[in-house]
Amino acid sequence: MSGHSPAIRRRAIRTGNWLALEAPTDRLRLARLTAACCAIALLCSTAALEARPRSPAKATRHSAVQHTRHLPYPNLELPLQISGSQYEPLAWTDMPGWSDDDHLAAYKAFRASCRPIAAEHGLPSESKALGTSLRDPCRIAKGPELTDEAKAKAFFEEHFLPLRISRLGEGEGFVTGYYEPVLDGSRTQTDVYSVPVYRRPSNLFVRGAKQSSSGLPNKGQVFRKIGRRKLVPYYDRAEIEDGAIAGRGLEICWLKEQTDLLFAQIQGSARVRFEDGSTLRINYDAHNGYPYTPVGRILIDRGIIPKEQMSMQKIRDWMAQNPDGAKELRRQNRSYVFFREVQLSDKDEAVGAQGVPLTPGRSIAVDKALHVYGTPFFIEGELPIESEQSKTPFRRLTIAQDTGSAIVGPARADLYFGAGADAGKVSGRLRHNMRFVMLVPRSLDPVARGRKMPVPDERPSEKIAKLFPQVDPQKEKSAAKPADASASTSAVPMPEPRPAIKTDEPRRHRHYRHYRTYR
């Protein structure tokens with residue numbers, strides 16, 4: 001009789017009714033056993049539900065907080081995207097002059113570009129059309145160096161695809177030329193050599209670039225720091241020519257004329273030849289943040305030099321004959337370039353923005369915002385190489401290894417011709433329309449990528465489409481009339497109304513018997 005209160009035990013002894021005591025106890029035990037069995041069954045069913053594989057929809061809802069939802073289709077990169085351009089796939093036989101080119105010379109220039117490409121780790125800081133796809137052909141080019149012309153041609157045809165490219169709405173691109181000037185100079189200031197060549201000042205800041213970087217971008221905002229926090233635009237060309245940064249120990253060397261410095265800044269590099277026979281090599285390092293304004297265009301707009309006669313030699317001759325006008329013309333171009341010394345011998349070519357020596361006739365400067373260094377471009381057309389009136393066929397495979405602030409567009413190139421006066425004459429008269437073919441690595445072949453693209457879901461049958469037409473919720477909402485629901489013929493049909501429930505039918509109540517263990 002344990003488990004009962006003293007009052008119940010005394011009552012059972014006095015009346016002798018042991019059943020009155022034991023019967024509720026059995027019923028209580030039965031109720032407790034039933035509840036325990038229900039709890040065990042509930043736990044087992046829950047465990048079974050957890051162990052059972054869920055449908056994708058339920059699994060997604062269950063793990064929405066812990067896991068990222070996966071799309072039903074793979075995330076494939078687009079094959080090629082170059083802003084503001086149009087392109088057309090070609091066959092190698094559709095490229096005039098392709099078979100007659102010196103592919104071995106182009107291969108050597110491409111192989112030089114592969115060294116910095118192979119040294120890159122991870123993804124590039126800026127996403128370009130070709131991305132990291134050049135690593136595949138560069139990995140193959142790292143093998144034994146080719147010495148056979150036929151093998152070099154086969155290398156490009158095996159690992160690249162030709163793609164004609166131009167600005168949207170245009171059929172041709174535009175080519176200019178550049179070179180490395182050889183200038184007379186002095187390590188010290190004299191009466192003859194009085195024009196300073198400045199290195200980058202310490203108070204020059206380019207937004208988005210580290211000040212300690214070698215070779216800051218040639219585009220973007222540039223500031224001059226005043227005090228601890230104040231930033232203002234840097235000095236322009238007129239202020240620097242008037243001595244804004246003079247006497248700060250920034251002078252690398254001294255030149256004879258401001259025109260010499262201007263052309264060295266336009267070309268981005270120069271060889272300064274001293275009286276003792278030694279040579280100093282200087283390269284672009286930074287700019288003052290102002291956009292480049294071509295002085296030749298100003299002379300054309302003013303009607304001083306006809307457009308068809310424009311060349312760098314014409315500009316130099318006019319400046320020599322008009323010193324006062326030359327000063328005003330220079331200052332129309334507010335952009336100013338700062339240089340750094342580079343350790344190159346007289347036999348070495350200038351180093352481009354990619355960091356590799358340029359190859360005359362094979363290296364080009366391109367728009368860095370659109371293209372990747374190392375990209376091969378086959379340029380085809382006619383250029384005045386032999387003379388100003390000549391139309392020399394130019395059909396040559398070139399490699400993108402440099403850039404410039406004036407080089408803008410998908411089919412725009414500045415062709416490097418080498419160093420010296422002769423190279424300057426040839427490059428100075430190049431302003432011509434040419435046809436561009438970009439060589440794209442086969443890993444970006446849109447046809448091959450199209451085979452991996454998933455097929456869309458099958459369209460519904462005509463019957464299903466009529467029953468459940470696709471309706472724009474916004475248009476349906478604006479076109480719907482609240483007073484006339486039958487006016488909408490494109491809505492999904494509503495189900496039939498439920499039958500009415502009779503209210504006079506007596507409702508059945510289910511009674512439950514409650515067991516008590518005591519009164």
Side-chain angles (χ1 to χ4, degrees), residues 102 105-106 108-109 112 175-187 192-193 195 197 252-285 294-296 309-320 337 339-365 379 383-390 392 394 396 398-399 401-404 406-407 413-432:
D102 185 357
K108 292 179 180 179
V175 170
T176 53
Y178 74 113
Y179 73 110
E180 186 180 22
V182 179
L183 307 172
D184 293 332
S186 173
R187 295 186 183 273
V192 177
Y193 301 100
V195 178
V197 178
I252 299 176
C253 61
W254 304 81
L255 304 179
K256 286 183 178 181
E257 301 175 355
Q258 288 285 355
T259 304
D260 292 339
L261 177 62
L262 174 65
F263 278 89
Q265 292 174 330
I266 293 174
Q267 304 306 316
S269 64
R271 304 185 185 196
V272 182
R273 187 171 50 203
F274 299 131
E275 293 181 352
D276 59 0
S278 61
T279 303
L280 175 67
R281 307 290 294 274
I282 56 176
N283 262 31
Y284 167 92
D285 192 36
V295 293
Q309 299 180 13
M310 176 56 64
S311 66
M312 285 189 290
Q313 190 60 42
K314 293 284 187 181
I315 298 174
R316 182 179 286 275
D317 293 342
W318 184 89
M319 285 185 167
V337 170
F339 292 93
R340 71 178 187 272
E341 300 180 46
V342 290
Q343 302 301 321
L344 296 174
S345 67
D346 292 341
K347 297 180 180 180
D348 296 327
E349 293 291 341
V351 176
Q354 192 187 12
V356 300
L358 302 176
T359 303
R362 295 289 173 179
S363 299
I364 59 173
I379 301 177
L383 294 176
I385 295 178
E386 302 298 333
S387 64
E388 293 185 2
Q389 292 77 26
S390 66
T392 307
F394 187 91
R396 192 173 297 180
T398 62
I399 310 298
Q401 296 175 329
D402 205 356
T403 189
I407 313 303
D414 209 12
L415 181 60
Y416 177 72
F417 277 92
D422 293 339
K425 292 179 181 179
V426 176
S427 61
R429 53 178 178 251
L430 262 62
R431 295 177 56 85
H432 291 71

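What you see is a predicted model; the values in this text were computed from it and never measured.
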Give the minimum heavy-atom separation between [X] and [Y], together with the two atoms involved.
X	Y	value
P181	S269	CD-O, 3.1 Å
A413	I379	CB-CD1, 4.2 Å
V337	Q265	O-NE2, 3.0 Å
A105	R362	CB-NE, 3.8 Å
V426	F417	CG1-CE2, 3.6 Å
A270	A264	CB-CB, 3.9 Å

Are [X] and [Y] close enough that some pair of their side-chain heavy atoms sits under 4.5 Å apart?
X	Y	result
V192	K256	yes
R396	D102	no
Q267	M312	yes

Quick one: pull up [atom1] in [X] and [atom2] in [Y] and give me the separation to the nearest 0.5 Å.
X	Y	atom1	atom2	value
L415	S427	CG	OG	9.0 Å
L183	I282	CG	CD1	7.5 Å
T359	I364	OG1	CD1	12.0 Å
F274	T279	CZ	OG1	8.0 Å
M319	D260	CE	CG	11.0 Å
R187	C253	CZ	SG	8.5 Å

May I ask you to decide if [Y]'s main-chain N or O and [X]'s side chain share a donor-acceptor pair within less than 3.5 Å?
X	Y	value
Q313	G424	no
R429	I385	yes
D317	K314	no
D402	A353	yes

Trace of the side chain to side chain contact (heavy atoms under 4.5 Å, CB included) decision for V272 with R281: CA-CA 6 Å; V272 182; R281 307 290 294 274; over 6 Å; no
Pair E349-Y416, side-chain donor/acceptor within less than 3.5 Å: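 Present: a donor and an acceptor within the cut-off.
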No-hydrogen, no-angle side-chain donor-acceptor test under 3.5 Å, D422 and Y179: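 No donor-acceptor contact under 3.5 Å links the two side chains.
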R340 NZ/CZ over Y284 ring centroid, <6.0 Å and within 45° of normal: no
Steps toward side chain to side chain contact (heavy atoms under 4.5 Å, CB included) verdict (H432, V175): CA-CA 5 Å; H432 291 71; V175 170; 5.6 Å; no
Charged N-O contact under 4.0 Å between R271 and E180: yes
Derivation of the side chain to side chain contact (heavy atoms under 4.5 Å, CB included) call for L358 and V351: CA-CA 6 Å; L358 302 176; V351 176; over 6 Å; no
Verdict with reasoning, I252 to F339, per side chain to side chain contact (heavy atoms under 4.5 Å, CB included): CA-CA 8 Å; I252 299 176; F339 292 93; 4.1 Å; yes
